[in-house]
Amino acid sequence: MSQDVLSDQQRYLAQLLEAIQRCAWFLQQSRNKVAWPIDGGWLADHKKDVELFETLAALNERFAKLQDSLASAMRHSALLAGESTESFLKVLALFERQGVIDATSDWQRCRAIRNIAAHDYSTHYAQIAEHFNLLNELTDILLHTSKNLVAWCADQLQIHPASQDFSTEFDSIFL
């Protein structure tokens with residue numbers, strides 16, 4: 001760690017913002033490979049489609065990774081803004097007031113669906129389809145939050161993603 005702790009912390013947030021852009025873009029790319037909504041019968045008919053199930057697994061993983069990256073960046077940006085970070089609910093409340101997230105309950109819904117995916121090993125294709133359709137729907141919340149957080153950090157903290165490597169791709173999600 002250098003002598004300038006603030007600069008180190010700002011650089012770290014910039015790296016998190018770049019990671020958010022990358023995660024969001026890859027999540028959207030996986031999402032684009034699937035014709036939504038999916039049906040349980042159709043999914044059962046394609047139960048041996050390795051490419052499809054690799055894409056669905058990637059959606060689960062990328063959804064979780066994006067939410068984790070957003071949580072880290074929100075906590076870190078709140079800290080840099082001089083706000084309370086003693087509980088993540090306070091961080092969420094801050095970003096709800098700031099318009100970065102629409103509602104804390106939306107964030108909690110995203111968290112719940114990803115936790116179910118991590119612990120549910122169902123072979124009931126209607127339930128699997130329902131899970132992925134909900135994941136697809138909730139992805140919009142995470143993407144919207146990503147866009148808003150990147151903009152909030154630029155506006156409030158003058159901190160931008162560490163590189164522009166994924167900026168064009170990230171911006172294309174919202175066109």
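Below, each value reflects all heavy atoms present in this structure, side chains not excepted, and no hydrogens, waters or symmetry copies. Quick caveat: nothing in here was measured; it's all calculated off a predicted structure.
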* To do: Kindly assign one of parallel, tilted or perpendicular to the pair H46 and W42, based on the angle between their ring planes and the thresholds 30° and 60°.
  => tilted
* Going by the angle between their ring planes, with limits at 30° and 60°, are H76 and Y12 parallel, tilted or perpendicular? -> perpendicular
Any chance you could measure [X], atom [atom1], to [Y], atom [atom2], to the nearest 0.5 Å?
X	Y	atom1	atom2	value
L56	I38	CG	CD1	5.5 Å
S146	I141	OG	CD1	11.5 Å
L59	E54	CG	CD	12.5 Å
N136	I113	CG	CD1	11.5 Å
I159	L16	CD1	CG	10.0 Å

Kindly state each residue pair satisfying salt bridge (charged side-chain N to carboxylate O under 4.0 Å, His left out) with at least one member in [range], sequence neighbours excluded.
range	value
residues 157-175	none
residues 56-84	D68-R111, D68-R114
residues 137-164	R31-D140, R109-E137

* Are more than 12 heavy atoms from other residues, nucleotides or ligands located less than 6.0 Å from atom CD of Q158? -> yes
* **Candidate pair N60 and F132, rule side chain to side chain contact (heavy atoms under 4.5 Å, CB included), full reasoning** => CA-CA 8 Å; N60 263 334; F132 281 105; 3.5 Å; yes
* Asked: Are W36 and L27 linked, directly or through other ILVMFWY residues, by side chains that come within less than 4.5 angstrom of each other?
  -> yes
* Any chain of hydrophobic side-chain contacts (each under 4.5 Å) joining L79 to W152? -> no
* **Set of ring-ring contact (aromatic ring centres under 6.0 Å, His included) partners for H144, sequence neighbours left out** => none
* Examine distances only and state if a side-chain atom of N133 and a backbone atom of A129 form a donor-acceptor pair shorter than 3.5 Å. => yes
* To do: Using side chain to side chain donor-acceptor pair (under 3.5 Å) as the criterion, list what pairs up with S167, not counting sequence neighbours.
  => Q21, Q164
* Asked: W107 versus L70: any side-chain heavy-atom pair under 4.5 Å?
  -> yes
* Check the pair L143, L66 against side chain to side chain contact (heavy atoms under 4.5 Å, CB included), reporting the backbone distance first and the verdict last. => CA-CA 9 Å; L143 294 175; L66 178 56; 4.2 Å; yes
For residues 85-95, tabulate all N or O donor-acceptor pairs below 3.5 Å that involve a side-chain atom, not counting sequence neighbours.
unit_1: E86; atom_1: OE2; unit_2: K90; atom_2: NZ; d: 2.9
unit_1: S87; atom_1: OG; unit_2: K90; atom_2: N; d: 3.3

